[in-house]
Amino acid sequence: MKIEELYALLRRRGLLWPTAEVYGSAAGLYDYGPLGHALKRRLEMAWESWFLGLSEDYYRIEPAEILPEPVVRASGHLANFTDPEVSCAECHASFRAETVLEKVRPVGVDGLSSEEIGRLIADNQVRCPSCGKRALEVPRPFNLMFELDWGAAGKEHAYLAPETAQASYLAFPRMWDVGRHSLPLGIGVIGHAYRNEIAPRQVLFRMRSFTQAELQIFFDPEHFDLPFPSVADERLPVLRASDRARGLAAPELVSARALVESGLPEFYVYHLVQELRFFRDVLGYPTERIRLFEKSESERAFYNRIQFDVEVNLESLGGFREVGALHYRGDYDLRRHGEGSGKEIAVTVPDGRRIVPHVLELTVGIDRNFWALADLGIGAEGERTLWRLPAYLAPVPVAVFPLIAKAHGTEARALVEELRGAGVPALYDAGGTIGKRYARMDEVGTPLCVTVDGETLDPAHPHHGTVTVRERDTKSQERVPAGELAARVASRVKLPRAVMAS
RNA sequence: GCGGUUGUGGUCUAGUGGUUAGGACGGUAGCUUCCCAAGCUACCUACCCGGGUUCGAAUCCCGGCAACCGCACCA
């Protein structure tokens, strides 16, 4: 489906819409409606269930989303989260200052003011890479973080968190004390990140406020024991940086064992498998739509020692797009915050070494995967539009209809109340005809529809007390005793695994 | 942010200086005893916002906002 078509469908069914529509909307901001919120929550629960379920030493926290200035100074965001741009007054093309100046200043432009960059351009008579004219304009300073004035005097600054990760690094010392003083220690966060994007676009893929789910695993690089043999034979659709350099464009299925033999550490490959399994097995993306895209040294952030992005091929966005990533960040983060705060952030491990733990970061973009689920799952099947959503993600797990509203409405409503009482969110619909109701639920991915009919209510009929359960994907029907319904639905929508607090 | 294209009910659209702004789908209510978007009746909902031109603007002009495509950007 094309992007506008898919967005129209999601808007029409109230899953999603632009913020402040009555004022003409605000680019890059979206509201989730009732069904969208429900799906997003299910997606977050699935994330928590899967990633925190990887170990009993992984915990979820809920940090603040405003960071004081010293934090973003230490993390590097204040200096590096800015992309100095220059534009050409003649042809209106714009470029990163770094790109334009790389010949005259190989060390980069980090930390330079816009005046200094402008002087460099003038002194070196730099020409526009596009039209060749000497019409490059002094760059305007631009930082992608939202800056806040705070405190009564307004002299101090704070920033809306540009990523959720920093809060987890800041929480590490406290978590070390709260926990059992042992590594690995995992800190999971589902939270908002805020970025003042120059050109927000493509609905949920470039937003000014969005939701990230991240697991930061702190570990001792000399001792990270994992059951690697259990995943050694798993085959991953990888596209290696070295292969891309040779011109290869399509991913190859490579076993986890082979990846380790190629030089990647076991702990990294083990988690690459877990990341893949989340998208493939939990969210249900087809393997051929997924690729694990290795970033080369020049492509990845300088603090990342190894980086694979998880990309899915989306029709609405015309190709592979990043929906998650696995970063081996080394000890960069804790070291920087140790320096920035003036307090040593280090721990003593059982053999007596004093170490700064290393960080492995597993990220999942919640909004982007919301979109990917819609893109990959929604499709036409003959006359009907169908959303093939894993049952445990469905915003409405079950809908209940009376075959004839007047004749069976009371009993159908009673069944809805019974299901809700048993903890199953059920929806009642008596509008239109039975076929129309099935179609409506197909469109939002409801896996099961239940119909109460005359036979249900007729004590003389062999089907007395049973209802029709209809499957979304196959349209097949089955008579089921009404009393078994709650258990049946609950088992269908069970999450992959349960962890604390889910 | 630059360039191009576009903006009419919830959705898709007709209308291009004077229309009761039309239709389809949808939604609501009713009729129809109805297991896959049937039919009938009634009702609901729209010219993105602000200026300008004009006797008169949904229609023309300017500005803004938003979306799509391309460029740039995406730490």
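Source: prediction; values computed, not measured. Each chain gets a letter, A, B and so on, in the order the sequences are listed, and its residues count up from 1.
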### Task
Check every strand shown and say whether A:Thr385 touches a base, only sugar-phosphate, or nothing at a heavy-atom separation below 4.0 Å.
base
### Query
Closest to the A:Tyr30 side chain: B:A67, B:C73, B:C36?
B:A67
### Summary
Ranking B:U11, B:A37, B:C35 by distance to the side chain of A:Arg12, first place goes to B:U11
### Message
Among B:C34, B:A66, B:A37, which nucleotide has an atom closest to any side-chain atom of A:Ala27?
### Response
B:A66
### Query
Side chain of A:Leu403: nearest nucleotide among B:A37, B:U11, B:C35?
B:C35
### Task
Could you check whether A:Lys2 gets within reach of a base, just the sugar-phosphate, or nothing at all, counting any heavy atom under 4.0 Å?
nothing
### Query
A:Glu21 near the nucleic acid: base, sugar-phosphate alone, or nothing, with a heavy-atom cut-off under 4.0 Å?
nothing
### Message
What's the closest nucleotide to the side chain of A:Arg470 if the choices are B:U11, B:C36, B:C68?
### Response
B:C36
### Task
Give A:Ser25 one of three labels, base, sugar-phosphate or nothing, depending on what nucleic acid heavy atoms sit under 4.0 Å from its own.
sugar-phosphate
### Message
Any base atoms under 4.0 Å from A:Leu9, or only sugar-phosphate, or nothing? Heavy atoms, all strands.
### Response
nothing
#### Entry: Distance in angstrom units between A:Gln202 CD and B:C73 P, rounded
15 Å
### Side chain of A:Lys436 (C-beta onward), nearest among B:G27, B:C68, B:C36
B:G27
### Query
Tell me: CZ of A:Arg384 to P of B:C36, nearest whole Å?
12 Å
### Task
Check whether any side-chain nitrogen or oxygen of A:Lys406 sits under 4.0 Å from OP1 or OP2 of B:G30, and answer yes or no.
no
### Query
Which whole-number value in Å describes the distance from A:Leu144 CG to B:A72 P?
17 Å
### Message
Any N or O donor-acceptor pair under 3.5 Å from the base of B:C34 to the side chain of A:Thr433?
### Response
no
### First of A:Ala199 and A:Val203 reached from the 5' end of RNA chain B, by closest nucleotide
A:Ala199
### Message
Could you identify the nucleotide paired to B:A58, looking across every strand shown and requiring Watson-Crick or G-U wobble geometry with both distances under 3.5 Å?
### Response
none
### Message
Looking at A:Phe205, I'd like to know if the NZ or CZ of A:Arg201 sits under 6.0 Å from its six-membered ring centre while staying within 45 degrees of the ring's axis.
### Response
no
### Message
Regarding A:Asp442, tell me which of base, sugar-phosphate or nothing describes its non-hydrogen contacts under 4.0 Å with the strands shown.
### Response
nothing
### Task
Over all heavy atoms of both residues, which pair between A:Ile366 and A:Leu43 is shortest? Give the atoms and the distance, please.
O-CD2, 3.5 Å
### Query
Counting any heavy atom closer than 4.0 Å, what does A:Arg201 reach on the DNA or RNA strands: base, sugar-phosphate only, or nothing?
base
### Query
Is the A:Phe172-A:Phe218 ring centre distance short of 6.0 angstrom?
yes
### Task
Give one of base, sugar-phosphate or nothing for A:Glu4, where a contact means two heavy atoms less than 4.0 Å apart.
sugar-phosphate
### Query
Just by modelled atom types, is the A:Gly28 backbone N or O under 3.5 Å from a matching donor or acceptor in the A:Arg206 side chain?
no
### Query
Mapping A:Gly432 and A:Ala439 to their closest nucleotides on RNA chain B, which lands nearer the 5' end?
A:Gly432
### Query
What is the distance from atom CG of A:Leu448 to atom CE of A:Met441, rounded to the nearest 0.5 Å?
10.5 Å
